[in-house]
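Let me begin by presenting the structure, written as structure tokens, before commenting on it.
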Amino acid sequence: MLKKIVALLLTSFSVAAVAVPLGSQSVLVVEDGTGKILLEKNANVQVPIASLTKLMTAMVVLDAKQDMDAPISIDKTDVDMLKHSTSRVPVGAEIARRDVLQLALMSSDNRAAASLGRTYPGGSSAFAAAVRAKIKALGLTQTVIEEPTGLSPNNRSTAADLVKMATAASAYPDIRRITTDTKDIISINGRKVEYHNTNRLVGAKGWDIGMSKTGYTEEAGRCLIMRIKAAGKNATVVMLNARANSARIVDALNIRRFIAGPDAEPKVIAVGGKRHKKAVKASTRRHRRAS
């Protein structure tokens with residue numbers, strides 16, 4: 001199926017985007033299963049991808065089949081010294097690897113993602129080699145990933161490559177489940193801490209999202225990958241370099257409306273509004289089912 005999608009992508013970039021207003025610099029919307037391009041804008045332009053990187057990090061970590069119950073100790077080397085991004089995960093905390101993966105994907109925590117790369121079998125250099133091998137295996141010819149968080153502007157890709165990456169990531173049940181959790185409670189140093197999904201559309205009324213990942217750095221702008229279902233149609237959506245979160249959400253609304261037709265009008269929660277949430281899972285997740 002992935003090969004079919006790749007082949008169609010390579011032969012279909014002459015398809016022009018229909019008149020859908022899109023503020024994101026690069027956009028690609030592909031119908032799942034057929035690979036048909038529904039919308040396209042600058043799909044072959046290589047740009048920084050910010051935390052969309054973490055989908056690759058998750059795939060490589062899961063491929064290694066490490067003990068997901070084993071604790072990871074957050075190290076001072078995991079602290080972001082490039083962008084000085086904040087984190088509620090303290091240095092010295094010991095957290096089960098499965099919960100660290102949850103934090104990296106759902107709430108896009110950079111210390112969590114950094115620790116996953118650092119504790120990969122063979123260390124950071126082995127992790128980097130595994131990422132390069134995965135990129136090659138997926139046929140991502142315009143993708144470069146140098147580190148696991150996405151903080152580096154050298155982590156770059158195109159919307160076309162990211163559709164392939166999203167298709168591959170969606171084959172992992174853990175990634176689908178984690179990225180569509182609206183919130184979770186993680187036990188950190190004996191204290192229960194609540195974390196939320198960085199994509200406010202997850203759990204919102206009218207949205208059926210099968211996988212999701214946001215990204216943001218100053219260089220990358222606001223980025224979003226989603227696999228959505230609208231009016232019985234399944235599609236993979238990649239949006240890169242929107243100038244504001246509001247612009248990213250408007251693009252998502254316009255894309256969903258285009259896919260579903262004029263009768264679908266999903267409601268989006270205003271900033272600060274009440275969320276629609278799934279039930280919270282067990283606090284420590286030590287016995288979460290394996291996928």
Side-chain angles (χ1 to χ4, degrees), residues 2 4-53 55-56 138-145 150 153 155-170 198-201 207 209-231 233-262 264 266 268:
L2 180 59
K4 181 188 292 184
I5 292 173
V6 171
L8 283 166
L9 285 171
L10 291 174
T11 59
S12 304
F13 283 120
S14 60
V15 178
V18 298
V20 176
L22 297 169
S24 299
Q25 176 185 331
S26 300
V27 176
L28 188 59
V29 182
V30 175
E31 184 177 63
D32 294 340
T34 68
K36 178 182 177 182
I37 294 176
L38 304 178
L39 288 172
E40 185 268 342
K41 177 183 177 183
N42 298 325
N44 286 315
V45 176
Q46 191 188 52
V47 294
I49 59 172
S51 286
L52 301 185
T53 296
L55 287 176
M56 178 62 73
L138 295 179
L140 308 184
T141 59
Q142 298 299 315
T143 299
V144 176
I145 294 176
N155 286 14
R156 300 171 66 87
S157 189
T158 65
D161 264 11
L162 290 174
V163 164
K164 303 175 198 175
M165 189 172 83
T167 300
S170 69
T198 53
N199 182 4
R200 295 187 64 84
L201 296 176
W207 287 87
I209 298 175
M211 189 188 72
S212 167
K213 187 69 197 78
T214 62
Y216 172 74
T217 61
E218 184 177 352
E219 297 89 350
R222 303 284 177 175
C223 305
L224 180 62
I225 284 176
M226 291 191 298
R227 299 198 103 196
I228 66 173
K229 184 174 183 179
K233 303 171 186 176
N234 296 285
T236 298
V237 177
V238 175
M239 301 184 298
L240 305 176
N241 198 10
R243 290 295 90 194
N245 190 46
S246 58
R248 180 172 63 183
I249 290 178
V250 168
D251 279 356
L253 277 167
N254 286 333
I255 289 169
R256 185 196 182 282
R257 188 177 295 114
F258 168 74
I259 295 171
V268 179

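I49 CD1 to S26 OG: the interatomic distance, rounded to the nearest 0.5 Å, is 12.0 Å. Atom CE of residue M226 and atom CG of residue L224 lie 4.5 Å apart, to the nearest 0.5 angstrom. Rounded to the nearest 0.5 angstrom, N42 CG and L28 CG are separated by 11.0 Å. The CZ atom of F258 lies 8.0 Å from the NZ atom of K233; values are rounded to the nearest 0.5 Å. Atom-to-atom distance recorded for N199:CG and I249:CD1 is 7.5 Å, nearest 0.5 angstrom. Rounded to the nearest 0.5 angstrom, R156 CZ and E219 CD are separated by 9.5 Å.
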Full working for side chain to side chain donor-acceptor pair (under 3.5 Å) between N44 and T158: CA-CA 5 Å; N44 286 315; T158 65; 4.8 Å; no
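What you find for A168 and L138 is that their closest heavy atoms are CB-CD2, 3.6 Å. Here the shortest heavy-atom pairing between A252 and W207 reads O-CH2, 3.4 Å. Nearest heavy atom pair, residue A220 against residue P48, reads CB-O, 3.4 Å.
Applying the side-chain contact (heavy atoms from CB on, under 4.5 Å) rule to A169 yields the partners L55, M59, I175, M211; only residues at least two apart in sequence or on another chain are considered.
Using a distance-only test at 3.5 Å, with no hydrogens or angles considered, no donor-acceptor pair links the side chain of E31 to the main chain of T34. The main-chain N or O of Q46 is never found under 3.5 Å from a side-chain atom of Q142 such that the two would form a donor-acceptor pair. The backbone N or O of P21 lies less than 3.5 Å from a partner atom in the side chain of N254, making a donor-acceptor pair. Formation of a donor-acceptor pair under 3.5 Å by the D251 side chain with backbone atoms of S24 is found in this model.
Contact annotation: the side chain of I255 approaches that of V27 to within less than 4.5 Å [non-hydrogen atoms, C-beta and beyond]. Counting heavy atoms from C-beta outward, T214 and R248 have side chains that approach closer than 4.5 Å. Residues M165 and T143 have side chains not in contact (no heavy-atom distance under 4.5 Å, counting atoms from C-beta outward). When side chains are defined from C-beta on, K41 does not count as touching L39, because their heavy atoms never get closer than 4.5 Å. In this structure the side chain of L162 reaches within 4.5 angstrom of the side chain of L240, judged on heavy atoms.
A salt bridge links D161 and K164; the closest N-O separation between the charged side-chain nitrogens and carboxylate oxygens is under 4.0 Å.
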